[in-house]
Amino acid sequence: MKHLFTLLLAILTIFAASALTCPGYYSYLRNDTLIIGNNRIERKFLWNGGNVITVTLSDKQNNHTWNNTATEPDFFIMKEPVNSGNATWEAREIPENEIHPAYLESEITYTLNALQIKRIYRIYADCPAIVTETHLKGYTNALFTGENENNADLKNIESTKDMQNRQLTPVLDRLSLPGKHWKIKAVEFFDVTDRNNTLVFEYDALSYRKNFHKGNILFVRNEENEKGFFFLKEAPCSSVQLSSPGYDFTSEFGTFTVNGLGIDGNDIIQNDWVKTHSSVLGIYEGNELNRLTALRNYQKNIRKLMPERDEMVMMNTWGDRGQDTKVNEAFCLKEVERAAKMGITHFQIDDGWQVGKSPNSALANGSFKNIWSNPDYWKPDKKKYPRGLHPVVEKGEKLGVEICLWFNPSIQDNFADWEKDAQAILDLYNEYGIRTFKIDGLSLPTKQAEINLRKLFDTVLEKTDNAVVFNLDATAGRRAGYHSFNEYGNIFLENRYTDWQNYYPYWTLRNLWQLSKYIPAEKLQIEFLNKWRNNDKYGNDPFAPQNYAFSYLFAITMAAQPLAWFEGSNLPEEALDIKNSIVPYKKIQHEFHSGTILPIGEEPSGKAWTGFQSIDGDKGYFIFYRENNPEEHAYVNTWLPEGIRISCTPILGSGTPFTATTGKQGSIKVKLKDKNTFALYRYTIID
């Protein structure tokens, strides 16, 4: 009787009217229904013993509700049906800090046999999306990567039975909605930018019988009523994900699932929670702008953009290929002076400042293996910096240039030495006040490596009150990509060098332009190089860097975080005039980045009219680029509605003031007199 009473008490506790309502969002469990929402979105679940099933998804601003027709739980991992048990629910508000705004968490825990499952639903105020985190511990022989079922191996369809497909892989989330007129867009991303130069691939289709899609984003819209939703899979790029089934989403008429956990059975342990990939479900109505702004609304909540911490115009000398042959106290003092003359805000010393020698050293046969066999590896080299980094830091403070460093965590044994790495960073922060670190050489071949790397970053942030910024290198290896680890800083996108003729301004612009549609541009570091180096290697190439003004090369990076990828002391004196662009840019940099930045015009090709728009209600910014195009006038499509009258005030470049009324697709007539020039405008809607 005692056990029965305890069980009844637990049931009554769960199904009592429990709620947490805060300004901006709410969560409550009432009888057999769990509801999570805010002023934009609401998701209602059937409790189902904790293994919840979505009942409805509501777009509250547009007064529309979808009814989910699925009878299976939203999360699927077991081959055979298993009753869930030991279910609990808890809601709590997580207060705002230096990284994120306040948000509401709804946590569900339950068991499936010996497997314990924790699902955390996260929602922000005034955000049209809900995040689902999944954590596992215990034991299971459940599916993980599953099997790849090729449609070509299935028989032809002659009956309804022939249409049935088995669920072969785990499901992180799912929706099954009425209707057959669903249009989908899957967006796949590529990093490893040392080897890839097309970083975004879009795939459009009509949802039909069961098909598989790669990508981190799946947009879905019903063509009958133009109501839509999206799934964002917070994971590395598809091509490098761990334990991947070979795809990220499935679609079958109105049924859509998020697939692939990012772990396998061996990653689950008895006593500690192991996190899978997260999944985000967002809603929108109408056109492409609405879906992109809904996505961006969520993305901007992951990490707040604080001007004094996150905005930067950084110089890093590695782009001139000096490697570690020059870096020493005298060189760095001179570089800081040059940076200040150009208006640059941050000077980052790349590989070579430390005692230890890396494999990229031009001076020694270094290694990243067994870093901590040398306890002084991450201390300043006394031969190069006899007084430590103090003189360089003090010079930077005097001239208004913040000193930053390069750092490579010890990758062996899945970052087993993460605590030592964290302490090394903390020592540099505590002694020198250095708070921005380029993180290079990463490799995430296992789930344990990812767990330990997060411990490293989290420890540093916790012990510095979230002051540190990590520039996460995306150039090589199995790394975090564009949709995970976003709370830690920004992304160092690519290495490009005039020495190897793989720096072309329009290539750089094209990569930023394509990525900015789906990733906040302000979270990317984008390079501009010394255009006077290696001109002979380009010959008569019309797209060679020498054919562009230095200010134009800088302007390509303005929608992002500009990265001066060169030695300042290697520049000719005329290059110092770049200060006339950098200084006024810094005055509007944060306001520009605070808007929703999206690409406009044509895709950069070296001959296009192209650019970016930063949208902030009835105002914002444009950057227009006239590449090597013969026409000095062009109609550039923007994200403004048709028939809107705007006033444009030039900030930088070759523009002149004008007013215009937008045409179809928000087109604006723009004039730039010369080829390979740009104009940055502030615009205001006046009618």
Side-chain angles (χ1 to χ4, degrees), residues 50-51 73-82 84-86 108-120 132-149 166-174 192 212 214 216 233-250 257-279 368-369 409-419 421 441-458 477-481 483-485:
N51 197 7
D74 296 342
F75 177 67
F76 168 84
I77 194 171
M78 297 293 188
K79 291 182 180 180
E80 303 298 332
V82 177
S84 57
N86 304 309
I108 302 169
T109 62
Y110 61 98
T111 59
L112 296 174
N113 291 343
L115 179 65
Q116 298 180 61
I117 299 168
K118 177 167 64 176
R119 299 268 277 178
I120 299 174
T132 306
E133 294 183 5
T134 303
H135 305 252
L136 305 174
K137 71 177 177 179
Y139 170 77
T140 181
N141 59 357
L143 295 166
F144 283 91
T145 56
E147 307 168 42
N148 287 322
E149 186 175 68
R166 297 175 296 152
Q167 179 60 50
L168 299 176
T169 56
V171 173
L172 281 170
D173 207 353
R174 77 169 95 214
V192 193
F212 308 95
K214 286 186 176 182
N216 288 90
K233 185 177 179 182
E234 295 188 307
C237 298
S238 303
S239 59
V240 302
Q241 286 176 25
L242 299 175
S243 303
S244 172
Y247 53 91
D248 300 284
F249 307 103
T250 62
T257 68
V258 186
N259 302 99
L261 304 185
I263 62 174
D264 62 30
N266 295 327
D267 294 316
I268 299 178
I269 53 182
Q270 289 290 325
N271 300 316
D272 289 316
W273 291 109
V274 175
K275 184 178 178 294
T276 71
H277 298 317
S278 296
S279 174
F368 288 141
K369 293 182 179 179
S410 1
I411 61 174
Q412 70 273 1
D413 300 323
N414 298 317
F415 300 103
D417 289 323
W418 68 266
E419 291 176 284
D421 292 337
L442 295 183
S443 178
L444 299 173
T446 67
K447 185 64 181 180
Q448 190 59 52
E450 178 190 317
I451 291 170
N452 287 342
L453 185 62
R454 283 193 179 277
K455 289 178 179 178
L456 190 167
F457 293 157
D458 289 341
R478 290 185 178 271
R479 299 183 183 175
H483 301 283
S484 62
F485 284 68

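Remember, predicted model here, so these are calculated numbers, not experimental data.
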**Q** How far apart are the closest heavy atoms of G50 and I108, and which atoms are they?
**A**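 Nearest heavy atoms, G50 then I108: O-CG2, 3.4 Å.
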
**Q** Would the distance check show the side chain of D267 and the main-chain N or O of D264 forming a donor-acceptor pair, the cut-off being under 3.5 Å?
**A**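 Yes, D267 side chain to D264 backbone: donor-acceptor pair under 3.5 Å.
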
**Q** Whether the side chain of T111 engages the backbone of G85 through a donor-acceptor N/O pair (distance < 3.5 Å, no angle test) should be reported.
**A**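 Yes; at least one donor-acceptor contact below 3.5 Å.
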
**Q** Tell me the closest heavy-atom pair linking W273 and Q116, and the distance in Å.
**A**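 Heavy-atom minimum between the residues: CZ3-O, 3.4 Å.
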
**Q** Nearest 0.5 Å, please: how far is CZ in R119 from OG1 in T276?
**A**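 That separation rounds to 7.5 Å.
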
**Q** Side-chain contact, heavy-atom cut-off 4.5 Å: I117 with L112?
**A**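 The answer is yes, as the side chains (C-beta and beyond) meet within the 4.5 Å cut-off.
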
**Q** Where is the tightest heavy-atom contact between F485 and L453, given as atom of each residue plus distance?
**A**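 Looks like CE2-CD2, 3.8 Å.
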
**Q** I451 and V274: which non-hydrogen atoms are nearest, and at how many Å?
**A**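 Reported closest heavy-atom pair: CD1-CG1, 4.4 Å.
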
**Q** I'd like to check the side chain to side chain contact (heavy atoms under 4.5 Å, CB included) partners of I120; sequence neighbours left out, ordered by chain and number.
**A**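 I120 satisfies side chain to side chain contact (heavy atoms under 4.5 Å, CB included) with R92, E105, E107, K118, E133, H135 once adjacent residues are dropped.
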
**Q** When you measure from the side chain of D421 to the backbone of S410, do you find a donor-acceptor pair of N or O atoms at a distance under 3.5 Å?
**A**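 Confirmed, D421 side chain pairs with S410 backbone.
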
**Q** Main chain of T140, side chain of N113: is a donor-acceptor contact present, judged purely on distance under 3.5 Å?
**A**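 No, N113 side chain to T140 backbone: no donor-acceptor pair under 3.5 Å.
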
**Q** State which residue, out of D74, D173, T250, fulfils the side chain to side chain donor-acceptor pair (under 3.5 Å) condition with T257.
**A**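 So the option named by the test is T250.
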
**Q** What is the distance from atom CZ of R454 to atom OG of S484, rounded to the nearest 0.5 Å?
**A**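 It is 6.5 Å, given to the nearest 0.5 Å.
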
**Q** Stepwise, does the side-chain contact (heavy atoms from CB on, under 4.5 Å) test hold for H277 with V258?
**A** CA-CA 10 Å; H277 298 317; V258 186; over 6 Å; no

**Q** Can you check whether E234's main-chain N or O pairs, donor with acceptor, with S278's side chain at less than 3.5 Å?
**A**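 No, because the side chain of S278 does not come within donor-acceptor range (under 3.5 Å) of the backbone of E234.
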
**Q** Does the side chain of I77 come within less than 4.5 Å of L136's, by heavy atoms?
**A**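 In contact.
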
**Q** Please report the C-alpha distance between L261 and L172 in whole Å, then the side-chain angles of each, then the deciding distance to 0.1 Å, and finally whether the side-chain contact (heavy atoms from CB on, under 4.5 Å) criterion is met.
**A** CA-CA 7 Å; L261 304 185; L172 281 170; 3.5 Å; yes

**Q** I'd like to know if the side chain of D248 reaches the main chain of K214, judged simply by a donor and an acceptor atom lying under 3.5 Å from each other, with no hydrogens or angles considered.
**A**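 Not confirmed, D248 side chain does not pair with K214 backbone.
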
**Q** Using the rule given for side-chain hydrogen bond (donor to acceptor under 3.5 Å, both in side chains), can you reason through S279 versus T132, listing the C-alpha separation, both sets of side-chain angles and the distance that settles it, and then say yes or no?
**A** CA-CA 5 Å; S279 174; T132 306; 5.6 Å; no

**Q** What are the two closest heavy atoms between R479 and P236, and how far apart are they?
**A**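 For R479 and P236, the tightest heavy-atom pair comes out as O-CB, 3.4 Å.
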
**Q** With a 3.5 Å distance limit and no angle check, can you tell me whether N452 reaches the backbone of N414 through a side-chain donor-acceptor pair?
**A**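 Between the backbone of N414 and the side chain of N452 there is a qualifying donor-acceptor contact (under 3.5 Å).
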
**Q** Just verifying a value: how many Å separate E450 CD and F415 CZ, rounded to the nearest 0.5 Å?
**A**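 If we round to the nearest 0.5 Å, E450:CD and F415:CZ are 10.5 Å apart.
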
**Q** What is the minimum heavy-atom distance between L115 and K137, and which atoms define it?
**A**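 The pair with the smallest heavy-atom distance is CD1-O, 3.5 Å.
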
**Q** Any sub-3.5 Å donor-acceptor pair from R478's side-chain atoms to P445's backbone N or O?
**A**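 Such a contact is absent between R478 side chain and P445 backbone.
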
**Q** Does P170 offer a backbone N or O that forms a donor-acceptor pair with the side chain of N259 under 3.5 Å?
**A**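 Such a contact is found between N259 side chain and P170 backbone.
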
**Q** For Q412 and D417: C-alpha separation, side-chain torsions, deciding distance, then whether side-chain contact (heavy atoms from CB on, under 4.5 Å) applies.
**A** CA-CA 8 Å; Q412 70 273 1; D417 289 323; 3.3 Å; yes

